[in-house]
Amino acid sequence: MDRTRQQQALLLLPICLAFAFSLTAVVSSHWCEGIRRVVKPLCQDQPGGQHCIHFKPDNSSNGRMDNDSQAVLYIWELGDDKFIQRGFHVGLWQSCEESLNGEDEKCRSFQSVVPAEEQGVLWLSIGGEVLDIVLILTSAILLGSRVSCRSPGFDWLRVDALVAIFMVLAGLLGMVAHMMYTTIFQITVNLGPEDWKPQTWDYGWSYCLAWGSFALCLAVSVTAMSRFTAARLEFTEKQRAQNGSQHSQQSFPEPEASESVWKTGAAPRPAGQAFRNVSGHLPSGAPGKVSIC
């Protein structure tokens, strides 16, 4: 494998890494993470539990408890003790939060908590993320064919240019989709249902992977475009050199004066000398012609 193909194979590595980052971010649900503050439930189903409100029913004078509609509950927890903090994480598709026992999670669709007027923007964000993945995958396929195949009749410089264009488009689409999702999440935090609103939140590892893919896309695009420009300039210089050598080989031959002179029977006349034909003054028996100066 020559040096050019080695460089192209190395360029294929960050493209595959960007594809893995984008795909993982889209299918995961850790774009945003935080804590929700919810009221503890009553300890009817969990007697002696730590994550519920303990109460004592008021019994009647005859030692029997009144019915539930007339029972008086004495709650011992006051202030912040009545609340419990549960972690949650949100992605493009669903929102999950911890259960009371902390062993499993309860998830629901993120679209169900987004305000109705913002759901169209959410779908645009999802479409941008999916198109980002498609462009990165297309670039990986093109560059892989560039490394593995060597067809001399094909213009592979166009493939390098397409890889650079697709990667920069993927990066820009990903950036717009990330910003749209961030805006939608902030709007949902302010205008969403009360049983979903978080108390504190921050960006999760899926969000970091998405922006990491954006950075890799731009880096690959700049590298591919610079290599394409360098290869194009080198190809142009080679063509100019070949055209120049062919032009020098096709120069016209100089006329051979001596051959033309002897063929016509004349001799070259140096400057300052005059030649005179005296053949008419020779005797009839003298052979040839004599010219004197």
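The model shown is predicted, which means the values in this text are computed figures rather than measured ones.
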**Fill in**
Minimal heavy-atom distance between Arg36 and Glu97, with the atoms involved, is NH1-OE1, 2.5 Å
**Prompt:** Which atoms form the tightest heavy-atom contact between Gln199 and Arg37, and what is the distance?
**Reply:**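 That would be OE1-CB, 3.5 Å.
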Would you tabulate the side-chain donor-acceptor contacts of residues 11-22 under 3.5 Å, counting partners in other chains and residues two or more places apart, or write 'none'?
{"from": "Ser22", "atom 1": "OG", "to": "Ala18", "atom 2": "O", "distance (Å)": "3.2"}
{"from": "Ser22", "atom 1": "OG", "to": "Ser213", "atom 2": "OG", "distance (Å)": "2.5"}

**Asked** Taking C-beta and beyond as the side chain, do Glu118 and Thr188 meet within less than 4.5 Å on heavy atoms?
**Response** no
**Asked** Mind checking whether Val114 and Phe185 have side chains closer than 4.5 Å, heavy atoms only?
**Response** no
As an exercise, state the distance from [atom1] of [X] to [atom2] of [Y], rounded to the nearest 0.5 Å.
X: Glu33; Y: Trp201; atom1: CD; atom2: CH2; result: 12.0 Å
X: Gln119; Y: Glu117; atom1: CD; atom2: CD; result: 8.5 Å
X: Phe214; Y: Leu209; atom1: CZ; atom2: CG; result: 15.0 Å
X: Glu105; Y: Gln94; atom1: CD; atom2: CD; result: 8.5 Å
X: Asp202; Y: Ile35; atom1: CG; atom2: CD1; result: 11.0 Å

Under 3.5 Å, which donor-acceptor pairs do the side chains of residues 131-143 form with other protein atoms, sequence neighbours left out?
{"from": "Thr138", "atom 1": "OG1", "to": "Val134", "atom 2": "O", "distance (Å)": "2.8"}
{"from": "Ser139", "atom 1": "OG", "to": "Leu135", "atom 2": "O", "distance (Å)": "3.0"}

Quick check: is [Y] connected to [X] through a chain of hydrophobic side chains (ILVMFWY, heavy atoms under 4.5 Å apart)?
X: Val113; Y: Trp123; result: yes
X: Leu23; Y: Trp93; result: yes
X: Val220; Y: Trp211; result: yes

Output side-chain donor-acceptor pairs under 3.5 Å for residues 173-184, partner residues at least two apart or in another chain, one line each.
{"from": "His178", "atom 1": "ND1", "to": "Glu129", "atom 2": "OE2", "distance (Å)": "2.6"}
{"from": "His178", "atom 1": "ND1", "to": "Gly174", "atom 2": "O", "distance (Å)": "2.9"}
{"from": "His178", "atom 1": "NE2", "to": "Gly174", "atom 2": "O", "distance (Å)": "3.2"}
{"from": "His178", "atom 1": "NE2", "to": "Ala210", "atom 2": "O", "distance (Å)": "3.2"}
{"from": "Tyr181", "atom 1": "OH", "to": "Gly91", "atom 2": "O", "distance (Å)": "2.9"}
{"from": "Thr182", "atom 1": "OG1", "to": "His178", "atom 2": "O", "distance (Å)": "2.9"}
{"from": "Thr182", "atom 1": "OG1", "to": "Tyr207", "atom 2": "OH", "distance (Å)": "2.9"}
{"from": "Thr183", "atom 1": "OG1", "to": "Met179", "atom 2": "O", "distance (Å)": "3.0"}

**Item:** Close aromatic pair by centroid cut-off 6.0 Å: Tyr203 and Trp205
**Value:** no
